[in-house]
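In each ligand, atom 1 is the first atom listed, and ligand 1 is the first ligand listed. What's counted below: heavy atoms across the whole structure, side chains too, no hydrogens, waters or symmetry copies.
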Amino acid sequence: MAIERTLSIIKPDATKRNLTGKINAKFEDAGLRIVAQKRIHLSPAQAGQFYVVHKDRPFYGELVEFMASEPVVVQVLEGENAIAKNREVMGATNPAQADAGTIRKEFALSVGENSVHGSDAPETAKEEIAFFFSGLELVG
Ligand code: ADP
Ligand code: MG
């Protein structure tokens, strides 16, 4: 198994409820290292650009508005098989379908306000990390 990096976002519903530390503990307990992290407030244009892959989905407008509604914490997680491992720790998109113990099962409010984002493949992880972080910010 290779050491990978993946892009994670703690979404507005979670930052608003002061859950950043509890969510980070889930990542660290699963062996993922937080190698870069910052709290930012996305503009609607930035949120729209990040989620442009979903622009034709019916929930796009709602998703962009939500992601720009409050600060988010963007972070790079590193570890063995980090992309798949992070998706496992996050749980299913819809919290009603998420496994017990996952972040979304424990914290998500709905399929839209589901507390975390995680990259879904090596290519998207690379693009999404570069969207938020410069090489100088990735200290390992
Ligand atoms: P994931 O975040 O698990 O990779 P997707 O990439 O399919 O899920 O969707 C991106 C985000 O869009 C979801 O995390 C969620 O915030 C939102 N979303 C997905 N499906 C819906 C839906 N049916 N209604 C509202 N929001 C949704
Ligand atoms: Mg996705």
Side-chain angles (χ1 to χ4, degrees):
M1 257 188 285
I3 299 290
E4 292 177 334
R5 284 178 170 174
T6 191
L7 190 279
S8 166
I9 306 178
I10 302 179
K11 293 184 178 183
D13 67 284
T15 60
K16 189 161 63 179
R17 288 177 291 146
N18 214 19
L19 292 171
T20 298
K22 287 199 171 106
I23 290 173
N24 279 348
K26 293 272 196 195
F27 296 139
E28 293 186 338
D29 288 349
L32 292 164
R33 300 181 67 83
I34 302 164
V35 298
Q37 174 169 259
K38 57 192 172 187
R39 183 174 169 103
I40 59 176
H41 194 148
L42 291 170
S43 68
Q46 290 166 334
Q49 195 189 339
F50 180 75
Y51 273 121
V52 74
V53 63
H54 293 306
K55 70 177 186 319
D56 296 326
R57 310 278 287 274
F59 55 80
Y60 179 67
E62 181 189 323
L63 175 61
V64 168
E65 191 184 337
F66 165 58
M67 290 300 289
S69 66
E70 297 270 344
V72 296
V73 174
V74 294
Q75 45 194 193
V76 178
L77 307 180
E78 183 182 88
E80 271 190 14
N81 216 11
I83 298 167
K85 186 179 283 181
N86 180 40
R87 301 279 314 183
E88 233 177 84
V89 175
M90 288 164 59
T93 308
N94 185 342
Q97 280 146 26
D99 289 341
T102 61
I103 291 169
R104 283 167 166 170
K105 185 64 172 188
E106 289 189 16
F107 303 123
L109 300 175
S110 66
V111 65
E113 301 200 11
N114 60 2
S115 303
V116 279
H117 165 86
S119 308
D120 59 11
E123 194 48 42
T124 46
K126 202 174 159 195
E127 285 170 17
E128 291 178 0
I129 290 169
F131 186 90
F132 287 111
F133 293 96
S134 75
L136 282 174
E137 293 175 297
L138 297 167
V139 295

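- Counting heavy atoms under 4.0 Å from ligand 1, residue M67 does not touch it at all.
- Looking only at atom types and distance, the side chain of E70 has no donor-acceptor partner in the side chain of T15 under 3.5 Å away.
- In this structure, R5 pairs ionically with E78, as a charged nitrogen and a carboxylate oxygen lie closer than 4.0 Å.
- Regarding atom 2 (O) of ligand 1, its nearest protein heavy-atom neighbour is R104 NH2, 3.0 Å.
- Of the listed residues (I129, I83, L32, V89), just one forms a side chain to side chain contact (heavy atoms under 4.5 Å, CB included) with L77, and that residue is L32.
- Remark: the backbone N or O of G118 is paired with a side-chain donor or acceptor of R87 at under 3.5 angstrom.
- Residue contacts with ligand 1: E62 is placed with no nitrogen or oxygen under 3.5 Å of a nitrogen or oxygen of the ligand (distance criterion only).
- Looking at Y51 next to ligand 1, no N or O pair under 3.5 Å apart turns up.
- Closest to atom 6 (O) of ligand 1, if we only count protein heavy atoms, is H54 NE2, 3.1 Å.
- Short contacts between ligand 1 and K11, defined as distances under 4.0 Å to a heavy atom of the residue, involve ligand atoms 13 (C), 14 (O), 15 (C), 16 (O).
- In terms of hydrophobic clustering, with Ile, Leu, Val, Met, Phe, Trp and Tyr side chains grouped at heavy-atom distances under 4.5 Å, I34 and F107 are assigned to a common cluster.
- Residues F50 and F131 bring their aromatic ring centres within 6.0 Å.
- A salt bridge links K26 with E106; the closest basic N to acidic carboxylate O contact falls under 4.0 Å.
- Counting only distance, with no hydrogens or angles, the side chain of E4 and the backbone of A82 share a donor-acceptor pair below 3.5 Å.
- The protein heavy-atom contact nearest to atom 16 (O) of ligand 1 is G112 O, 2.8 Å.
- With a 4.0 Å heavy-atom cut-off, ligand 1 is reached by no atom of E113.
- An N or O contact shorter than 3.5 Å links N114 to ligand 1 by distance.
- Of the protein's non-hydrogen atoms, the one nearest atom 4 (O) of ligand 1 is R87 NH1, 2.9 Å.
- Residue D13 is tested with R17, K11, K16 for a salt bridge (charged side-chain N to carboxylate O under 4.0 Å, His left out); the sole match is R17.
- For the ligand labelled ligand 1, residue V111 lies inside the 4.0 Å heavy-atom shell.
- Side-chain N or O atoms of Q46 include one that pairs as donor or acceptor with a backbone N or O of S43 at under 3.5 Å.
- The contact set between ligand 1 and L63, taken as ligand atoms under 4.0 Å from a residue heavy atom, comprises 12 (O), 16 (O), 17 (C).
- No N or O atom of F59 sits closer than 3.5 Å to an N or O atom of ligand 1.
- At a heavy-atom cutoff of 4.0 Å, ligand 1 is contacted by no atom of H117, backbone or side chain.
- Nearest-residue assignment for atom 1 (P) of ligand 1 (options T93, I9, V64, D120; heavy-atom criterion): T93.
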